[in-house]
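No hydrogens, no waters, no symmetry mates; every other heavy atom, side chains included, goes into these values. In what follows, chains are A, B, ... by sequence order, proteins preceding strands, each numbered from 1.
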Amino acid sequence: MWPTRTGGARARAAVVVCRWPEMEVLEERVAEEPVRFPYVPGLLSFREAPAALAALSKLSHPIDCLLVDGQGRAHPRRFGLACHLGLWTGQPTIGCAKSRLYGRVSSPGPEKGSREPLVDANGEVLGSAVTTRDRCKPLYVSVGHRVSLEEAVEIVLACCRRTKHPEPLRLADRLSKA
DNA sequence: GCGACAG
DNA sequence: ATCTTGTCGC
């Protein structure tokens, strides 16, 4: 799982600053790293964090909270990418993943706002499966750093006005691929 | 041994 | 993640 130094491989990350809840974009930053670690389930932070931190360091505008495309506490070791970025930057962070990595959960209702707890084998709550748009598959929200799960879910829902994915993540995803 | 497995 | 085909909604 160590560095795949395939010539010229670049890790690319993007971050956007939005005004909440209007989602007015205030700033956009992208950053690249010369080598990237391979993707290994459970170790995504090693692949994504360096570039993400580099992009964050280029911001000149203050932020209130980071919405991260990945898990927070909903991780085998309770420490996904959102937790790493939160601890590293000191900023409040929220993990918001498109699919499940760890934990059991039943399907939430089909109406936006429905949610079901994501739990581990002992019943400990790791996060929530949240329906962010009517009839769409849920997103997996979990605590990253300095936010409660309830706050995290409300913020994610508020960021999904007419789409399944939170506006900040859609913008950052688009920017990283441009 | 077999299935699961963020992006 | 990436690629491809087909369907649905604004």
Side-chain angles (χ1 to χ4, degrees), chain A residues 1-6 8-16 23 30-33 35-56 66-88 93-108 110-112 115-122 124-145 147 149 152-153 155-156 159-178:
Chain A
M1 61 162 259
W2 231 225
T4 307
R5 200 185 268 282
T6 37
R10 315 282 294 182
R12 188 185 182 83
V15 57
V16 299
M23 299 308 160
V30 292
E32 296 189 342
E33 289 289 304
V35 284
R36 80 183 318 182
F37 288 68
Y39 167 69
V40 178
L43 301 181
L44 179 66
S45 295
F46 295 92
R47 169 187 165 97
E48 303 293 334
L53 289 169
L56 287 168
L66 294 176
L67 193 52
V68 180
D69 187 352
Q71 312 288 358
R73 272 193 63 188
H75 179 277
R77 298 280 95 81
R78 310 293 190 278
F79 216 74
L81 178 59
C83 298
H84 278 271
L85 296 181
L87 197 59
W88 210 258
T93 62
I94 295 171
C96 181
K98 294 183 288 297
S99 59
R100 184 191 62 81
L101 168 67
Y102 184 75
R104 291 179 50 259
V105 66
S106 49
S107 302
E111 324 77 33
K112 176 178 178 178
R115 66 202 72 172
E116 282 294 329
L118 178 64
V119 302
D120 71 2
N122 302 312
E124 179 188 347
V125 176
L126 303 177
S128 293
V130 184
T131 300
T132 54
R133 185 182 182 179
D134 288 352
R135 309 204 303 165
C136 280
K137 300 293 292 181
L139 294 187
Y140 299 81
V141 180
S142 57
V143 170
H145 190 55
V147 289
L149 178 58
V153 170
I155 290 172
V156 167
C159 289
C160 300
R161 303 195 107 189
R162 307 173 62 185
T163 57
K164 168 180 179 176
H165 302 301
E167 208 61 38
L169 294 190
R170 295 183 59 224
L171 293 170
D173 199 53
R174 181 218 296 170
L175 188 60
S176 71
K177 291 171 179 171

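Within the 4.5 Å cutoff, no side-chain heavy atoms of A/Tyr102 are placed close to those of A/Arg73. Between A/Pro138 and A/Val130 the shortest side-chain heavy-atom distance does not fall below 4.5 Å.
Of the side-chain N and O atoms in A/Arg100, none sit less than 4.0 angstrom from OP1 or OP2 of B/dA6. A close approach under 4.0 Å does not occur between any side-chain nitrogen or oxygen of A/Lys98 and OP1 or OP2 of B/dA6. Residue A/Ser99 has no polar side-chain atom (N or O) positioned under 4.0 Å from OP1 or OP2 of B/dC5.
Paired runs in DNA chain C never reach 3 or more consecutive Watson-Crick or G-U pairs with both distances under 3.5 Å.
Straight-line distance from the OH atom of A/Tyr102 to the P atom of B/dC5: 13 Å, rounded to whole Å. If you measure from atom CZ of A/Arg47 to atom P of B/dA6, you get 12 Å, rounded to the nearest angstrom. For A/Leu44 and B/dA6, the CG to P distance is 9 Å, given to the nearest whole Å. One atom, NE2 of A/His75, and another, C1' of B/dG7, lie 12 Å apart when rounded to the nearest Å. We find that CD of A/Glu33 is positioned 21 Å from P of B/dG7, with the value rounded to whole Å. Here B/dG7 presents its P atom at 10 Å from OH of A/Tyr140, a figure rounded to the nearest Å. Rounded to an integer number of Å, the gap from A/Leu169 CG to B/dG7 C1' is 12 Å. Across the protein-nucleic acid pair, A/Leu85 atom CG and B/dG7 atom P stand 14 Å apart, rounded to whole Å.
For the pair A/Asp69 and A/Arg162, nearest-nucleotide mapping onto DNA chain C gives the more 5' position to A/Asp69. Looking at which nucleotide of DNA chain C each of A/Arg135 and A/Lys177 is closest to, the 5′-most match is held by A/Lys177.
Atom CD of A/Glu167 is separated from atom CZ of A/Arg162 by 10.0 Å, given to the nearest 0.5 angstrom. Expressed to the nearest 0.5 Å, how far CG of A/Leu118 lies from CZ of A/Arg104 amounts to 9.5 Å. Atom-to-atom distance recorded for A/Tyr39:OH and A/Arg47:CZ is 9.0 Å, nearest 0.5 angstrom. How far CZ of A/Arg100 is from CG of A/Leu126: 10.5 Å, rounded to the nearest 0.5 Å. How far SG of A/Cys96 is from CG of A/Leu66: 13.0 Å, rounded to the nearest 0.5 Å.
The footprint of chain A on DNA chain C, defined by a heavy-atom cutoff below 4.0 Å, extends from C/dA1 to C/dC10.
Residue A/Gly42 is in base contact, counting any heavy-atom pair closer than 4.0 Å across all strands shown. The residue A/Gln71 sits close to a base: some heavy atom pair falls under 4.0 Å.
Pairing each heavy atom of A/Cys83 with each of A/Gly72, the nearest pair is SG-C, 3.4 Å. Here the shortest heavy-atom pairing between A/Leu139 and A/Lys98 reads CD2-CA, 4.1 Å.
A perpendicular orientation is assigned to the rings of A/Phe79 and A/His84, their planes being inclined by more than 60° (bins at 30° and 60°).
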